[in-house]
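Bear in mind the structure is a predicted one, so any value in this text is a computation, not a measurement.
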Amino acid sequence: QVQLVESGGGLVQAGGSLRLSCEVSGRTFSSYHMGWFRQAPGKERVLIAAIGRNGVTTYYADSVKGRFTISRDNAKNTVYLQMNSLKPEDTAVYLCAAATGWQLTSRNEYAYWGQGTQVTVSS
């Protein structure tokens, strides 16, 4: 069974930085596309960044482009999300997910999910 465990969330002031990590159990990490989603209270879950199996192809939502960077270390079964210049509107639960299909940006491809980590940005 595949398990995903996020860490690195917390409370930060606007303009600050956080680095989220997501460790994936199992020996097939390199076969998954990996994505970071976020969900604010009362809003839908949205894909904000994704990285392909090869670690080269990436996707960013417009709302985080230029501020967030996704990366992966296949040797450590871990995907990261470096978040800089954080804004209060970035406040949300951040979840990582693993895609077993071929579409990097299709939510339906993401079969495995972590429990999420809270990120709160104060103004």
Side-chain angles (χ1 to χ4, degrees):
Q1 186 173 352
V2 179
Q3 292 186 322
L4 290 75
V5 179
E6 302 98 335
S7 61
L11 174 65
V12 64
Q13 289 188 332
S17 298
L18 283 174
R19 188 194 196 201
L20 305 183
S21 299
C22 174
E23 185 172 358
V24 182
S25 66
R27 294 179 287 181
T28 58
F29 175 74
S30 60
S31 68
Y32 302 131
H33 293 324
M34 296 299 299
W36 284 98
F37 292 73
R38 71 184 182 188
Q39 187 167 19
K43 295 188 177 180
E44 65 178 14
R45 189 172 297 182
V46 177
L47 178 66
I48 57 168
I51 188 166
R53 297 173 175 87
N54 58 11
V56 175
T57 304
T58 57
Y59 160 83
Y60 295 97
D62 288 343
S63 58
V64 305
K65 199 172 294 183
R67 299 188 298 123
F68 291 11
T69 302
I70 189 170
S71 61
R72 66 189 295 161
D73 185 338
N74 286 350
K76 295 183 178 181
N77 284 13
T78 302
V79 61
Y80 304 97
L81 186 67
Q82 178 66 44
M83 305 187 295
N84 299 328
S85 302
L86 283 161
K87 306 174 181 179
E89 51 263 44
D90 293 318
T91 295
V93 174
Y94 284 70
L95 306 98
C96 71
T100 56
W102 295 99
Q103 298 295 321
L104 186 65
T105 59
S106 172
R107 180 176 170 174
N108 292 336
E109 299 285 349
Y110 287 86
Y112 304 108
W113 294 82
Q115 293 297 310
T117 185
Q118 176 70 44
V119 172
T120 303
V121 185
S122 62
S123 57

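- Residues W36 and L95 are not in side-chain contact: their nearest non-hydrogen atoms beyond the backbone lie 4.5 Å or more apart.
- Linking ILVMFWY residues whenever their side-chain heavy atoms come closer than 4.5 Å, directly or via other members, places I48 and L20 in the same cluster.
- Not a single salt bridge (charged side-chain N to carboxylate O under 4.0 Å, His left out) links K76 to another residue, sequence neighbours left out.
- Between T69 and Y80, the closest side-chain pair of non-hydrogen atoms is not below 4.5 Å.
- At a threshold of 4.5 Å between non-hydrogen side-chain atoms, the residues I70 and Y59 do not count as touching.
- Summarising the geometry, atom OH belonging to Y94 is positioned 5.5 Å from atom CE belonging to M83; distances are rounded to the nearest 0.5 Å.
- Interatomic distance, N74 CG to M34 CE, rounded to the nearest 0.5 Å: 10.0 Å.
- Residues meeting the side-chain hydrogen bond (donor to acceptor under 3.5 Å, both in side chains) test with Q103, sequence neighbours left out: none.
- Counting heavy atoms from C-beta outward, R107 and F37 have side chains that approach closer than 4.5 Å.
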Test T100 against Y32 for side chain to side chain contact (heavy atoms under 4.5 Å, CB included), laying out the working first. CA-CA 6 Å; T100 56; Y32 302 131; 3.8 Å; yes
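- Residues S17 and Q82 have side chains in contact (heavy-atom distance under 4.5 Å, counting atoms from C-beta outward).
- In this structure, the side chain of R67 engages the main chain of S85 through a donor-acceptor pair within 3.5 Å.
- Within the 4.5 Å cutoff, the side chain of R38 has no heavy atoms near those of the V119 side chain.
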Evaluate side chain to side chain contact (heavy atoms under 4.5 Å, CB included) for T57 paired with I51, printing each intermediate quantity in order. CA-CA 6 Å; T57 304; I51 188 166; over 6 Å; no
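- The distance from atom NE2 of H33 to atom CG of N54, rounded to the nearest 0.5 Å, is 8.0 Å.
- The side-chain hydrogen bond (donor to acceptor under 3.5 Å, both in side chains) test applied to K65 returns D62, not counting sequence neighbours.
- Here the side chains of T91 and E89 are not in contact, with every heavy-atom distance at 4.5 Å or above.
- You'll find the side chain of V2 stays beyond 4.5 Å of the side chain of W113, heavy atoms only.
- Annotation: cation-pi geometry satisfied between R72 and F29 (NZ/CZ under 6.0 angstrom from ring centroid, within 45° of ring axis).
- Inspection of the D73 and T78 side chains reveals no N or O donor paired with an N or O acceptor under 3.5 Å.
- Both L4 and V79 are assigned to one and the same hydrophobic cluster, defined by single-linkage of ILVMFWY side chains at heavy-atom distances under 4.5 Å.
- Looking at E6, its side chain does come within 3.5 Å of a backbone N or O of C96 through a donor-acceptor pair.
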